**Q** 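This is the structure, below, for whatever I ask next.
So that the names make sense, note that chain A is the first sequence line, chain B the second, and so on, each numbered from 1. All values reported here derive from a predicted model rather than from experimental measurement.
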Amino acid sequence: MARYNPKESEPKWRKAWETAQVFKPQPPESGLPKYYVLEMFPYPSGRLHMGHVRNYALGDVIARFKRARGFNVLHPMGWDAFGLPAENAAMERGVDPKAWTYDNIERMREGLKELGLSIDWTREFATCDAAYYGQQQSWFQDLWARGLVYRREGIVNWDPVDQTVLANEQVVDGRGWRSGAVVEKRKLNQWFMRITDYADDLIEGLKTLDRWPDKVRTMQENWIGRSKGLKFAFNWAGSAPAGFDQGLEVYTTRPDTLFGASFVGIAPDHPLAEQLASDPKVAAFIAECRKGGASEAEIETAEKIGYDTGLFVSHPFDPDWKLPVWIANFILMDYGTGAIFACPAHDQRDLDFARKYDLPVKPVVLPPGEDAATWNVETEAYTGPGTIFRSQFLDGLEIEPAKAMAIARIEAADQGKGATVYRLRDWGVARQRGWGCPIPVVHCDDCGIVAVPKDQLPVALPEDLDFSKPGNALLRHPTWRHTTCPSCGKAATRETDTLDTFVDSSWYFARFTNPTASTPIDKTAADYWLPVDQYVGGIEHAVLHLLYARYITRALCDEGMLSVKEPFAGLFTQGMVTHETYRRQSGEWVEPGEVEVITEGGIRRAVIAATGEQVVIGDSEKMSKSKRNVVAPEEIFQVYGVDAARLFVLSDSPPERDTGWSASGVEGAWRFVNRVWAEFDSQAEGPVPALDDADVAACALRTVTHKTIKALTDAVEGFRFNSGIARLYEFLNALKAAPAERASSGVQAARAEALSVFARLVAPFTPHLAEECWNRIGGEGMVVAAPWPVYDPALTEEAVRVLPVQVNGKRRGEISAPAGAEPAEVEKLVMADAEITRRLEGLTIRKVIVVKDRIVNIVAG
RNA sequence: GCCGCCGUAGCUCAGUGGUAGAGCGCAUCCUUGGUAAGGCUGAGGUCGGCAGUUCAAUCCUGCCCGGCGGCACCA
């Protein structure tokens, strides 16, 4: 009997899989039912971390499971390889970003391969391969030709640390999502992708994504922020300010409350406000508004302030009714038109403002059951349902019909139009960085901006970029930007901006379907494989990558390059891997490897192993360098093997939740691996006896076997990997309860069946161990190619049921009855039971409830 | 403030309208030629709280408490 040795077994089976090319899918022409499993591809940092282990292990379980279920599975891997870390490494250490990146890829690939993932490595590519980004430049040209890409001057988010423009999605709480620096507003010429063209469709599409977490769908819906309302212009009461002859255009979602209007407000950076700023008092007020911070907390607590411009507009339904125009700090320029009409009675912001500046508050919506004569608004705006009153032609209408009526009137008077407004802005895609996909255009003094013809693509990065200084290395390259105009042939300069790396990751899943195609996408391959059936990744991309990818997929679909609008039919967002933190009294963080945790009298304390110094055990937090609570996967693989590491991250908690890494946890997984092997190794070799249905012990084991197949299959289908694994633990305990030694021939046969099932069930989680076990019991071929076991429904039911017997809802005993026994029969058995009858002494039986095969309850008093 | 998720053994989590479970940890014992280990046995639970529905609630319903996440001057 030999102990299980992962160091020997694991590389052996990885080699065997590679030799047999078992993870290479059949081509589209096979017509087989397909299943595309994809995990978000990694940034090649060069180091594998536990988050990767969890992410890729999760996807691998699905891929291996679906393969065993007969699907033609595509499970590829690549690298999201452009981006700032390479530039920072270049600047700090003087290395070449390209060499650094490809070096990292080598190391990461090794680490991922060690994980034993069922990946078709022949499809691997990196986004920094010219072969990939050249194809990206190709479809970029197509989108530009169609007007989906454009260049305009605009106010953009400028990250002063990373020295680049950021998209709105990449600014969190007023700070750059990577650098954490406070973002500045700058007016720049910028490249945009017209994602707003698809705003409606992106919202509508969410409804079809029934295998996405609700949470992510809600987040995207919020981000797009669609609202329906009315855009109309107020006419000036008096002479119009210069340039505003057409009136003052506002946007509202509550046209039903127009008769409750109190004033009109404009944003401090509204063009009209800027014009009025020639008055020093107005300028001073605007400056005051800009002082406030950008963080949510600051916005939340900021007091509403306003400035009365002295201008008046006329009410659209009553020219004699004059409304004052205020500049107010709570109005946002980049939403709607940057101007509003205020109805304080039915909007809290307007009410706060009106009370402060003593402006009129006129309720026009009467809540159900209230009396029009007495109903009033004091400090709380009423935003609920009701009937419109004090509003002329709207009187008596409910809110929705009133909205429609008001819009119709405004439209009839040609003063405005019903309008849908979005929070979503167009996607700013240019980055002033050298390590990215060059935007393939040339600036010509005569011809303007000219696309580089497709036969001249890729516009490749030069090899000799200088990254020693901050800023855009492409811009300061001595020769690269100088070229000739593709159109007129005269001297011209290349665009030196590169594309946001989120563009790179917006179509890689499509490229995987044929990574060597001479066009961006091989339609035959894409039509067969897409959409991705199961996508796995972190929740942090809920509105970044996942929104961009949905948009680009739509754009490429309209371009005729793809046939699907939604790239990811199923999405699973996994939780983080956390670890306890340890600190010395001095506050210094201590690595888990240096710490020894001792439990005494039920109290856990931790000391530094080498010195015995007491350290404070802190919260479990996401593994991070700064808190030094990182556990390196490679070290775990060395000690316990890959399978134990996989098993632990899969078994510890539900996959969508955070999981806490612990040394004792992985040791438990490692012990399980050994117990599994010991069980297989104890099985007698040689011919297997026939199954014997008369053998009670054998039947009991078979019942467990078949119940486990059912439960585990359901668990994997429902992403409850941890509960599936819990069933395997129980299954193993049942096997141990029917040991091979001294087993009857029936039990021997049931054990053989159980072991064969076990090896296949455990294979998605601990694939190497499963192969070793499968091999030990003489399984045919490799377990990776073995079909998933099928349960026999007849065997998932026990023939004899143990029924608990309750008296007045409390358990007082149990009886055995044949499965399916009728109530009358069960009642007879109950009344024959001495323990039960003793409990019933002196009581009158009022009712006996028998739930077939489940329980008996006697109501007595 | 709004929305969502979660609360079961010391810890991490399964589970079910009907006998409360697993792993780790803990305790006792066995083994010491499976040994930088293995095994037996055991203790430990008001299933967050309160009400309701029910013959029966950890499970269903309502309210409350606690934790986590998302959104939030978007007119």
Side-chain angles (χ1 to χ4, degrees), chain A residues 1-3 213-216 218-219 221-223 225-227 229-230 250-255 257 265 267 296 299-302 304 328-332 334-343 346-350 352-353 421-424 539 542-543 575 580 597 599-604 620 639 647-648 651-654 656-669 671-672 674-675 678 681 711 715 720 722-730 732-733 736 802-814 846-851 853-860:
Chain A
M1 195 186 287
R3 293 202 62 190
D214 290 341
K215 191 180 178 175
V216 175
T218 308
M219 284 167 76
E221 205 174 327
N222 287 343
W223 185 263
R226 176 168 66 184
S227 70
L230 169 69
V250 299
Y251 173 73
T252 180
T253 55
R254 293 297 302 270
T257 63
E296 281 170 14
I299 289 168
E300 180 62 17
T301 53
K304 290 184 175 47
N329 67 336
F330 70 93
I331 299 167
L332 307 173
D334 55 2
Y335 188 79
T337 63
I340 60 152
F341 86 83
C343 175
H346 305 293
D347 183 293
Q348 193 61 45
R349 296 156 300 181
D350 298 348
D352 294 345
F353 193 84
V421 161
Y422 304 89
R423 200 183 82 127
L424 182 71
I539 186 83
V543 285
E580 265 183 347
V597 177
T599 310
E600 278 169 345
I603 296 163
R604 292 178 77 238
S620 225
V639 179
L647 186 67
F648 176 60
S651 67
D652 184 64
S653 39
E656 69 276 14
R657 236 186 277 174
D658 288 354
T659 194
W661 181 272
S662 67
S664 57
V666 71
E667 272 165 32
R671 274 197 278 265
F672 176 76
N674 282 294
R675 282 202 301 269
D681 207 29
R720 297 184 307 274
N722 58 325
S723 31
I725 292 168
R727 300 305 292 253
L728 285 176
Y729 273 93
E730 290 175 20
L732 184 66
N733 286 347
K736 284 163 75 93
V802 176
L803 279 64
V805 181
Q806 298 178 328
V807 177
N808 293 330
K810 297 227 177 349
R811 181 172 180 270
R812 295 300 184 210
E814 60 184 36
R846 302 196 192 281
K847 198 173 176 186
V848 179
I849 299 133
V850 179
V851 181
D853 292 341
R854 302 296 293 268
I855 199 165
V856 182
N857 190 17
I858 300 164
V859 185

**Q** Looking only at atom P, what distance separates B:U12 and B:G69, rounded to whole Å?
**A** 16 Å

**Q** P atom, B:C65 versus B:C50: distance in rounded Å?
**A** 15 Å

**Q** Check for me whether A:K304 meets the cation-pi criterion with A:F330, that is, NZ or CZ under 6.0 Å from the six-membered ring centre and within 45 degrees of the ring axis.
**A** yes

**Q** Could you work out the separation of B:G62 and B:G10 based on their C1' atoms and round it to a whole Å?
**A**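 The answer is 33 Å between these two C1' atoms.
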
**Q** Within this structure, what is the CG-to-P distance between A:L332 and B:A72, rounded to whole angstrom?
**A** 11 Å

**Q** OP1, OP2 of B:A14 versus side-chain N and O of A:R727: anything below 4.0 Å?
**A** no

**Q** B:C68 and B:U28: how far apart are their P atoms, nearest whole angstrom?
**A** 38 Å

**Q** Students often get this wrong, so: under 4.0 angstrom with heavy atoms, is A:G665 touching a base, only sugar-phosphate, or nothing?
**A** nothing

**Q** Taking all atoms of both residues into account, what is the closest heavy-atom pair of A:Y251 and A:T337, and its distance?
**A**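 Scanning both residues completely, I find the closest heavy atoms to be N-OG1, 3.5 Å.
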
**Q** Would you measure the distance from the C1' atom in B:A9 across to the matching atom in B:G21 and give it in whole Å?
**A** 10 Å

**Q** Determine: side-chain N/O of A:N722 to OP1/OP2 of B:C13, distance under 4.0 Å, yes or no.
**A** no

**Q** Is the shortest side-chain N/O distance from A:R671 to OP1 or OP2 of B:A37 below 4.0 Å?
**A**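 Checking B:A37 against A:R671, no side-chain N or O comes under 4.0 Å of OP1 or OP2.
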
**Q** Given the C1' atoms of B:G49 and B:C55, what is the spacing between them in whole Å?
**A**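 Roughly 25 Å separates the two C1' atoms.
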
**Q** For RNA chain B, list all stems, counting runs of three or more consecutive pairs where every pair is Watson-Crick or G-U wobble with both distances under 3.5 Å.
**A**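 Consecutive-pair runs (3 or more) involving RNA chain B: B:1-7 with B:65-71, B:10-13 with B:21-24, B:48-52 with B:60-64.
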
**Q** Map A:Y729 and A:T659 onto RNA chain B by nearest heavy atom, then report which one ends up closer to the 5' terminus.
**A** A:T659

**Q** Provide, to the nearest angstrom, the distance between the CG atom belonging to A:L728 and the C1' atom belonging to B:C13.
**A**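 The distance from CG of A:L728 to C1' of B:C13 comes to 15 Å, rounded to the nearest Å.
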
**Q** Are any of A:K215's side-chain N or O atoms less than 4.0 Å away from OP1 or OP2 of B:C71?
**A** no

**Q** If you look at every strand shown and take non-hydrogen atoms under 4.0 Å, does A:D658 touch a base, only sugar-phosphate, or nothing?
**A**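 The answer is sugar-phosphate, as A:D658 gets under 4.0 Å only of primed atoms, P, OP1 or OP2.
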
**Q** Specify the closest pair of heavy atoms between A:V421 and A:G336, including all atoms of both residues, with the distance to one decimal.
**A**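 Answer, listing the atom of A:V421 first, then A:G336: CG1-N, 3.9 Å.
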
**Q** Atom CZ of A:F648 and atom C1' of B:U12: how far apart are they, to the nearest Å?
**A**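 Taking CZ of A:F648 and C1' of B:U12, I get 8 Å after rounding.
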
**Q** Between A:H346 and A:R254, which heavy-atom pair has the shortest distance, and what is it?
**A** O-NH1, 4.2 Å

**Q** How many Å lie between CH2 on A:W223 and C1' on B:G69, as a whole number?
**A**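 Spelled out: CH2 on A:W223 to C1' on B:G69 is 17 Å.
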
**Q** Shortest non-hydrogen contact from A:N722 to A:P654?
**A**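 Heavy atoms only, the tightest pair is ND2-N, 3.3 Å.
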
**Q** For RNA chain B, whose closest nucleotide is more 5', that of A:N674 or that of A:A669?
**A**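 It is A:A669, whose closest nucleotide lies nearer the 5' terminus.
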
**Q** Taking only the side-chain nitrogens and oxygens of A:N733, find out if one of them lies under 4.0 Å from OP1 or OP2 of B:G23.
**A**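 Yes, A:N733 has a side-chain N/O under 4.0 Å of OP1/OP2 on B:G23.
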
